[in-house]
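It should be emphasised that the depicted structure is a prediction, and the values quoted were computed from it without experimental measurement. In each ligand, atom 1 is the first atom listed, and ligand 1 is the first ligand listed.
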Amino acid sequence: NRRTSRLSIKHVISGTLVHSTAASRMEICPKRIIGVDHDGKIVFIDNASCMEELAERFGFNERDVITLKENRQFLMPGLVDTHIHAPQYIFTGTGYDVPLLQWLEKYTFPSEARFANKEFAQNAYRKVVERLLKNGTTTASYFATIHYDATVVLCDVIAELGQRAYVGKVCMDRNSPNYYIEGTEDSVKNADRIITYILGMKNPLITPVITPRFVLSCTSDLMKKLGSLAKNYNLPIQSHLNENKKEISLVKEEFPNESYTAVYDKHNLLNGKTYMAHCCHSTEEEINLMLERNSAVAHCPTSNFNIRSGVADIRHYLNKKIKVGLGTDVSGGESPSMLVAIRDCVKASNAISFGKSEEFTALTYEEAFFLATLGGSQVLGLDDKIGNFEVGKDFDALLIDVEVPDSPFDCFDADDSKDAVQKFLYLGDDRNIRQVYVAGKLVTGEDFKTQSEVVY
Ligand code: GUN
Ligand code: FE
């Protein structure tokens with residue numbers, strides 16, 4: 001009946017949709033109309049010319065439809081940051097003078113230790129989550145710190161601001177300064193407590209994730225216990241792998257008979273729900289082990305350049321059909337924006353091409369776009385829920401406008417949407433992201449509901 005169905009539609013947007021599909025890394029679909037219900041789910045996607053019929057069938061008012069301007073506005077899926085350290089936002093843009101292990105000692109551990117203070121955490125975590133949403137990151141996989149209380153604060157801020165997130169309390173019980181380390185039992189106990197807290201929130205957007213910092217920070221005992229915790233709760237696992245050569249040689253000294261990847265595997269930390277950041281220096285044998293376990297890669301090119309870790313050959317991972325997503329790795333990566341990760345992803349692949357034969361094809365911006373959206377959703381095991389526009393999926397979306405006042409590309413004279421999309425990906429920033437939706441809820445930007453067209 002019309003009256004109840006009228007209530008069931010929350011947003012209808014008509015215009016160009018840009019997304020990845022099984023068939024194409026980037027599909028640009030002009031003159032479409034998409035409807036979202038009050039549960040935040042996409043209920044129809046059709047030709048814009050069918051509006052009248054759809055309005056009748058789904059019971060919405062044509063006056064409430066947001067109509068996008070052709071070639072200058074489009075809808076794309078929300079960005080998925082598969083690897084970010086929320087506390088490290090406080091020192092983004094500084095501290096790139098030393099490589100990974102010194103960087104951890106000199107900048108990272110002292111910064112993360114400050115989150116022992118709950119008020120400090122409250123302020124910093126609000127800022128980082130707000131910044132991410134403004135930049136179109138609708139889903140983020142966070143490393144927090146070792147602190148239970150501050151991690152609770154992060155979860156509460158995420159819930160309040162409406163982001164979709166995976167949240168992990170960092171676990172580390174060795175090779176760390178005395179002011180930022182935990183005992184093995186405390187680490188496991190607090191990991192368990194935060195899992196219980198998150199599950200108790202009953203927020204469908206927030207998922208706990210088992211988070212051993214990396215092999216060098218964790219005893220074998222801790223890794224084993226975290227492997228069991230992951231299994232018992234059936235949870236995803238995130239960590240760092242093969243980021244930096246010095247790190248790899250230290251792991252090799254301790255585990256001379258195993259590859260770095262096999263060390264995680266032996267501790268039951270490598271499975272179909274595992275995603276590992278970096279993987280710059282993985283051997284073919286290690287890559288095959290990841291493939292066998294159906295584990296995924298969180299590619300963090302910005303960070304890999306900044307702290308000179310290496311360059312991951314993502315073309316190779318994709319050829320092998322390994323799941324890959326993109327991460328900012330703040331603050332190894334200086335920018336919280338996934339647009340920067342997209343650009344650096346293409347540049348990293350260009351850098352790889354310098355050492356390859358002519359047959360090698362570097363990643364395109366369309367492929368980087370895929371990694372930042374659908375690819376990331378696959379890494380997190382969320383591709384049945386988000387990542388692109390399909391009926392039944394949650395509406396996690398960005399409304400992009402390439403011609404905002406003071407646009408970062410103000411001589412834009414578009415006559416085709418492809419140029420608009422490419423310009424946005426290469427030159428755009430948060431000014432061009434006019435609306436951000438997570439599960440159908442507007443979390444950042446203006447509500448254009450009463451306007452028939454989005455105009456300034
Ligand atoms: N390896 C262990 N911890 C970290 C971290 O915080 N950042 C990066 N980039 N690598 C790590
Ligand atoms: Fe990291």
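- Contact between Gln88 and ligand 1 is present, with at least one heavy atom of the residue lying under 4.0 Å from the ligand.
- Neither side chain, Glu285 nor Ser259, offers a donor N or O lying under 3.5 Å from an acceptor on the other.
- Contact between Trp103 and ligand 1 is present, with at least one heavy atom of the residue lying under 4.0 Å from the ligand.
- Side-chain atoms of Ser331 and His85 form no donor-acceptor pair, as typed in the model, at a separation below 3.5 Å.
- Seen from the Fe ion (ligand 2), atom NE2 on His85 and atom NE2 on His83 lie at an angle near 100° (rounded to 10 degrees).
- Inter-residue side-chain proximity for Ile158 and Tyr125 is flagged as unmet; no heavy-atom pair is nearer than 4.5 Å.
- Aromatic ring centres of Phe143 and His240: separated by under 6.0 Å.
- At least one N/O-N/O distance between Glu243 and ligand 1 falls below 3.5 Å.
- Within Asp329, the N, O or S atom lying nearest to the Fe ion (ligand 2) carries the name OD1.
- Looking only at side-chain heavy atoms (C-beta outward), Thr328 and Met338 come within less than 4.5 Å of each other.
- Taking only nitrogen or oxygen atoms, main chain and side chain alike, Asp329 reaches within less than 3.5 Å of ligand 1.
- Counting heavy atoms under 4.0 Å from ligand 1, residue Leu216 does not touch it at all.
- Contacts with ligand 1 closer than 4.0 Å are made by no heavy atom of Phe109, backbone or side chain.
- Between the side chains of His19 and Glu390, no donor-acceptor pair is found at a separation under 3.5 Å.
- Not a single N/O/S atom of Cys300, whether from backbone or side chain, sits less than 2.8 Å from the Fe ion (ligand 2).
- At the top of the distance list for atom 3 (N) of ligand 1, counting protein heavy atoms only, stands Arg213 NE, 2.8 Å.
- For the pair Phe389/Leu75, a side-chain contact is recorded, criterion being any heavy-atom separation below 4.5 Å from C-beta on.
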